[in-house]
Amino acid sequence: MAVRPGLWPALLGIVLAAWLRGSGAQQSATVANPVPGAIPDLLPHFLVEPEDVYIVKNKPVLLVCKAVPATQIFFKCNGEWVRQVDHVIERSTDGSSGLPTMEVRINVSRQQVEKVFGLEEYWCQCVAWSSSGTTKSQKAYIRIAYLRKNFEQEPLAKEVSLEQGIVLPCRPPEGIPPAEVEWLRNEDLVDPSLDPNVYITREHSLVVRQARLADTANYTCVAKNIVARRRSASAAVIVYVNGGWSTWTEWSVCSASCGRGWQKRSRSCTNPAPLNGGAFCEGQNVQKTACATLCPVDGSWSPWSKWSACGLDCTHWRSRECSDPAPRNGGEECQGTDLDTRNCTSDLCVHTASGPEDVALYVGLIAVAVCLVLLLLVLILVYCRKKEGLDSDVADSSILTSGFQPVSIKPSKADNPHLLTIQPDLSTTTTTYQGSLCPRQDGPSPKFQLTNGHLLSPLGGGRHTLHHSSPTSEAEEFVSRLSTQNYFRSLPRGTSNMTYGTFNFLGGRLMIPNTGISLLIPPDAIPRGKIYEIYLTLHKPEDVRLPLAGCQTLLSPIVSCGPPGVLLTRPVILAMDHCGEPSPDSWSLRLKKQSCEGSWEDVLHLGEEAPSHLYYCQLEASACYVFTEQLGRFALVGEALSVAAAKRLKLLLFAPVACTSLEYNIRVYCLHDTHDALKEVVQLEKQLGGQLIQEPRVLHFKDSYHNLRLSIHDVPSSLWKSKLLVSYQEIPFYHIWNGTQQYLHCTFTLERVSPSTSDLACKLWVWQVEGDGQSFSINFNITKDTRFAELLALESEGGVPALVGPSAFKIPFLIRQKIISSLDPPCSRGADWRTLAQKLHLDSHLSFFASKPSPTAMILNLWEARHFPNGNLSQLAAAVAGLGQPDAGLFTVSEAEC
């Protein structure tokens, strides 16, 4: 430390005074070593002391000291004196007392503080001298201010119901000085003093006592200090309202005016209506009940009474009453008179003929005869016209011999009944296809004969080479890549219910094994030059919120194909099972599609399709085939129009493979009759160690609001004891009809009387109250009987989940192109695609096929979707061959033309 020469006498005097006072001298924070004889009031007194301060970025801070009376003031920082040259000194005289006043200032830089950073806090203190002694000021701490970027905890998005509490935690970034926290709601400051429903805890969490609809917003936590201001990621809070039922309306009038009928009452999900994704009301919005109305009884005459005696007026009479039966319940009165009078002067009976009634009868008979004659003429005319148009279409049995004939250098046998003797190679699982569209022959002939040519016109002689490479990434990588997008966050993270592949204009097929779900991508559906990675996913109903209103029920699995938004030039065909019993009078069927925002929309009402619509559906007994040009998430939903509407349930009985205790459980599953539901249960039972103990049965479950009951009977009491405390078990109607609950089952627990008991014989009944039912006769050995275990294994599908290019189609590519080019142009003789549709029983879809650039391609695509992989090409060949024309010629197709 450097001290000016003029200060040494004063310092020596102070030290000497301290030595004279000895060890008993008093020291304090304000007085240090007073000179003997000095007046205590003349010790230095600080007017300004240094205060704690923060260094922001690289700006130095200023410390100020001011004392009176003072002859010298110096700063000491962290125990070391600050150099004299670093002090800025300003001397003056106090105006009121005349005592000398001194003010000293120093600057402290960031570098000075950083030298001791981590060891101890950096502090500075003033020491002032006067002739009476020294005085020390308070310590001022200098700290480097900062605020880190990352929050220790950010608020997360929430979905809460109305009037539920909301807690949004926020832990601000570390900083000096500690950050202050404030909250923004949609960029507006949240002020707890203005809203008593909101407060901020000491830990900076935002608490909403009771959620209101107005609290639906984006919330942001803001942390700030003198250095910076940080914002957390916004948390979206959605306050939803679950729907509530209104009160029931009055019962309607009975549907039948006479006898047994139905009456119903309804309610609406408007008390309150669901908002912001809230759950729709559970239960039915319509209730039906049986009713009976007294039938009106029309009156009828009793027999005539005997004739009365002849009167003076030469007449006698007889009477009857309207009492056999008498009219009641609004029935008609008897027609005619109740009194008949006649002349009694002779034995002859006078009877008045009902002339006008006879005339009316004859006129009616003549009119009916005329109508029948006219109807017969119309039918004859229609029949003649149809016969006239079809007689000219002579079926040439050899018309497709060229297109479907086996590729071989040897001629085929004449008595071979099959037009198709070579099946497309579906066994290959190679990931790369490169080569011609038809197999090469090792024989000497470079050509093979095709025996007719008008229907299948020759193609050019160019070579068609296909090149396709399948994706090389693993399934987990693909799922991981999809899961980064918001729309795919609800996709299953496993691969057992998902398949995918890479496709180009040659098309292909995706299939989820053992589910009945597939996606056919026809040739040219993907634009040339484009390559798409397409996936197909089966969802569990509990993983996807599908709102069902009123009497609606889920009839199919929920299936996603994507990615959404890709450009398709032809419709792809999505195939999936359904469990409804199709009947236009009983069902209103709709195809639902989920938008990217998560809402479900009705994109197709089956039976009311427009030909130019983006979606179309071919509904069959147990499957549906959806034509779509937009990929997405689909489900088939049905709404019952009458109590005759029914769903097919598959009943399966499982029991343990090995029984190690006295108890033996029989599980009865009630599933949708679809392959995907069966697959889920079979996988579950494999994990539980169960086996099938009876052949599955199908039960038709009707929309009658009656529950499903299950009971067990005829259990031999000497060997087994049933632990069921009631006569039957019951599954509520809505649990089954809703269609979104999996693994619905009941368990019957039996107890063996002896561990050696192994034979079980009993009956198990499953029935809907006032509806269909099934019974199972169980008779087997629980330790070694496995005869039903193979039933489910026989239903498993084979094949590769993803097939690309020509290997994905039954019809060879060359043959397909020839059929399309031959049948697409209209033909006056009827040998075009319309007749092919009729032969394949697809004539109800003619308007849809006609709206597409190639109707024949649509028909063949649908045939491929319906008949893969077990389709009979011979039957298709026979249908196409029946469209032959007499001027068919002979042409050949070489290997280069493939």
Side-chain angles (χ1 to χ4, degrees), residues 247-267 284 286-376 551 583-586 640-646 700 702-707 733 767-773:
T247 57
W248 288 101
T249 60
E250 296 294 331
W251 288 103
S252 65
V253 179
C254 191
S255 61
S257 59
C258 172
R260 181 179 174 85
W262 295 93
Q263 60 182 163
K264 64 181 180 179
R265 62 177 181 174
S266 62
R267 58 181 177 175
Q284 300 295 322
V286 178
Q287 278 188 351
K288 299 177 183 178
T289 185
C291 59
T293 305
L294 294 176
C295 295
V297 178
D298 294 337
S300 180
W301 293 112
S302 64
W304 287 101
S305 66
K306 293 183 178 179
W307 289 101
S308 67
C310 191
L312 298 177
D313 57 353
C314 300
T315 62
H316 62 171
W317 56 267
R318 62 178 178 176
S319 64
R320 58 182 177 177
E321 295 180 351
C322 189
S323 59
D324 189 22
R328 62 178 181 268
N329 302 331
E332 296 289 336
E333 293 287 341
C334 300
Q335 301 295 322
T337 62
D338 59 352
L339 186 65
D340 184 16
T341 304
R342 291 187 181 181
N343 189 302
C344 59
T345 56
S346 65
D347 293 336
L348 297 178
C349 294
V350 180
H351 178 73
T352 304
S354 55
E357 296 178 2
D358 293 341
V359 173
L361 176 62
Y362 296 145
V363 172
L365 291 175
I366 293 174
V368 171
V370 171
C371 292
L372 290 176
V373 171
L374 292 177
L375 179 61
L376 181 62
C551 300
S583 172
D585 298 330
S586 303
L641 300 179
S642 69
V643 293
H700 293 85
K702 293 186 177 181
D703 181 24
S704 62
Y705 299 98
H706 292 302
N707 298 338
F733 168 84
W767 78 100
Q768 185 182 17
V769 179
E770 298 185 11
D772 192 14

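Residue numbers start at 1 and run along the sequence shown.
Nearest heavy-atom pair, Trp248 versus Gln287, reported as atom, atom and distance to 0.1 Å: CH2-CG, 3.3 Å. Nearest heavy-atom pair across Asn707 and Phe733 is OD1-N, 2.8 Å. Here the closest heavy-atom approach between residue Arg318 and residue Ser305 is recorded as CB-O, 3.5 Å. Minimum interatomic distance between Asn329 and Pro296 (heavy atoms only, all atoms of both residues): O-CB, 3.2 Å. The heavy-atom pair separating Tyr705 from Gln284 by the smallest distance is CE2-CG, 3.2 Å. The shortest heavy-atom contact between Ser586 and Ala645 is O-CB, 3.4 Å.
In this model, Cys344 has its SG atom no nearer than 2.5 Å to the SG atom of Cys314.
A parallel orientation is assigned to the rings of Trp307 and His316, their planes being inclined by less than 30° (bins at 30° and 60°).
Separating the SG atom in Cys310 from the CZ atom in Arg342 is a distance of 13.5 Å, to the nearest 0.5 Å. Between Lys306 atom NZ and Ser319 atom OG the span is 13.0 Å, to the nearest 0.5 Å. Atom-to-atom distance recorded for Asp340:CG and Ser308:OG is 10.0 Å, nearest 0.5 angstrom. A distance of 9.0 Å separates CH2 in Trp301 from CD in Glu321, rounded to the nearest 0.5 Å. Here the CD atom belonging to Gln263 is positioned 6.0 Å from the OG1 atom belonging to Thr289, to the nearest 0.5 angstrom.
Looking at Ser704 and Gln768, their side chains do bring a donor and an acceptor atom within 3.5 Å of each other. Using modelled atom types, one finds no donor on one side chain facing an acceptor on the other under 3.5 Å when comparing Trp262 with Ser255.
The number of heavy-atom neighbours closer than 6.0 Å to NZ of Lys288, taken from other residues, nucleotides and ligands shown, is above 12.
At distances below 3.5 Å, at least one donor-acceptor pair connects side-chain atoms of Ser300 with backbone N or O atoms of Asp324.
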